[in-house]
Each structure stands twice: as C-alpha cells, then as structure tokens.
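The chains referred to below are lettered A, B, ... by the order of the sequence lines, with proteins before strands, and numbering in each begins at 1.
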Amino acid sequence: MTIFKNGIEMVDAAALNTKITTTTRDMTAGSGNVSYTGVGFDPTAFAVSALHSNGTDGSMSFVDSNASIASTFSSNGGALGGGDSTNVAYLQTAGSVVQQARSPSFISGGVTLTWTKTGAPAGTGYLAFQFMR
Amino acid sequence: METKAVRIFYRKSDNQIVWTHTVVDFVGRTPAFFPTTIEEDLAKIPDKPKLNSDGSIIEGTRLGGVVEEYDYVQEDDSQRAQDALDSDENRIVNKRLIVGRKRSAGAR
C-alpha cells in the first residue's frame, strides 16, 4: 500500500520490519529440522552468523526471498573460506566434525532449517539471526 | 527466553531416533504449531526405504532391505521437549513420552 503525506510518498512501515535475535545449537544434537518462530512478522529474508566457542569454523550467510542462500563465507582457522550456496550455518569443531544447517524455508513468523550432524561435535553453537521483511 | 516443542521420529524395531523436528519460539510462548505435516517430516528421514507404487522396495535400508516402520512422539512442553532430546543420547527411554499424543505415523 502506498501512503502519501502532504503529497510525499511515504514508506509503508507496517510492511517493513527487521529483528535481531539469538539462539544456540546443541552440537551433540542429531540431525533434524528446527523451526525458529516468534519473529513477530513473516520474514522474507535473513542473515545469520554462526560461531562456536572452540570451533575452527564459523559462518555468515544471507538467505534471500527465494530461500536461496546468496552466499556463505566460512572462517577456517582465521582464513576466509570459500563461499557456497548450500550451507546456511556451518559450525565445525575439527575436520569432518560439524553441524551444518541447510534447506531454509520460510514459515509463518520464522524459518525452518535442516540440521545435519557429521562426526561427534560437542559444546554449543551460537547463532545470531537478522530477520527482515 | 525461548521455548521448544519437539517431534521425535523413531524406528519401531529398535527405538532408534532417526529424525527430530524442533520448534523454537524466540519470545517464550508455547510454540503453537508445527509448520510441517507428519508426512513431510517422514520424507526427510535419511534411511527411509523408498518403495515402488506396488510396495516393492526400490532402495533398501541399512538394516538389509527390511521395510521399517516408524512412529513418533510429540512433546509441546519446553522442558519435557528438552528432556526428550537429551534422553539417552539417541534412544527413547521406556517410551515415556507417549502420553496421549501418540499417533501412528504409518508403516514406511
């Protein structure tokens, strides 16, 4: 909806929104879906950074309104790893020991990610989402 | 404080957990819904045998091609959901979560 005030086009603030929120991933958790809800609006895009306190890798990703992963950059022992279009979050604690989230899908008030565990990671992963509409 | 609800899918032959679907609510409400159906969750199970339309096996399971049956439990209370996820690492203990919410997920 276009709103005019004194002849000037205004942004429909109700349709635009953003929220930053944090959560954790139990690194020992098995594979499965996690639906993150309660954002307060229906997001159409998000960015998420993922870090592990003792990990060798973290990641930062951007998911667009087509649920496509625009790019993922993973840190690898201090060096910037290659981007990819598959992983939304990549929490690696050692070689081939990783929790990774893929296949984002937007739901009412949030997003669903599919987590896969490889090897036997331990500890806690930290996630910071920035949801946007 | 975030809250959780969880569905845990397990293989009936050995109670091994094969898939979970957790709903996390950022604002502390009891998660009101699961955004996927049971069938959609079942489709995610990695070792689910794939069948032809006549029921014959296209691709067997790691247990030797036996058609496995799956079932699930669902827990909408946050603490009990976390307890379920923590229980015995990868097994359902005494199926203690089957309290009034158990429904058959059907043979696959």
Rounded at 0.5 Å granularity, tell me how far CZ in B:R7 sits from OG in A:S35. 9.0 Å
Can you get from A:Y90 to A:Y36 by hopping between Ile, Leu, Val, Met, Phe, Trp and Tyr side chains that sit under 4.5 Å apart? no
Would you say the side chain of B:V23 lies within less than 4.5 Å of the side chain of A:T37, judging by non-hydrogen atoms? yes
Honestly, the part of A:S31 sitting under 4.5 Å from a heavy atom of chain B is both
Is there a chain of hydrophobic side chains (I, L, V, M, F, W, Y, each step under 4.5 Å between heavy atoms) that links A:I69 to A:L127? yes
If I compare all heavy atoms of B:P35 with all of A:T112, which pair ends up nearest, and what's the gap? CG-OG1, 3.8 Å
Minimum side-chain heavy-atom gap B:W19-A:T114 below 4.5 Å: yes
Could you tell me how the ring of B:F26 sits relative to the ring of A:F131: parallel (under 30°), tilted (30 to 60°) or perpendicular (over 60°)? tilted
Which one, A:T21, A:I107, A:T116, leads in non-hydrogen pairs under 4.5 Å with chain B? A:T21
Grouping I, L, V, M, F, W and Y whenever their side-chain heavy atoms are under 4.5 Å apart, do A:F41 and A:F129 come out in a common cluster? yes
Applying the 4.5 Å side-chain criterion to the ILVMFWY set and letting contacts propagate, would A:V48 and A:F106 be lumped into a single cluster? yes
Assigning hydrophobic clusters by single linkage (Ile, Leu, Val, Met, Phe, Trp, Tyr; side-chain heavy-atom cutoff under 4.5 Å), is A:L91 placed with A:V111? yes
When rounded to the nearest 0.5 Å, the distance separating CG of A:D26 from OG1 of B:T22 is 10.0 Å
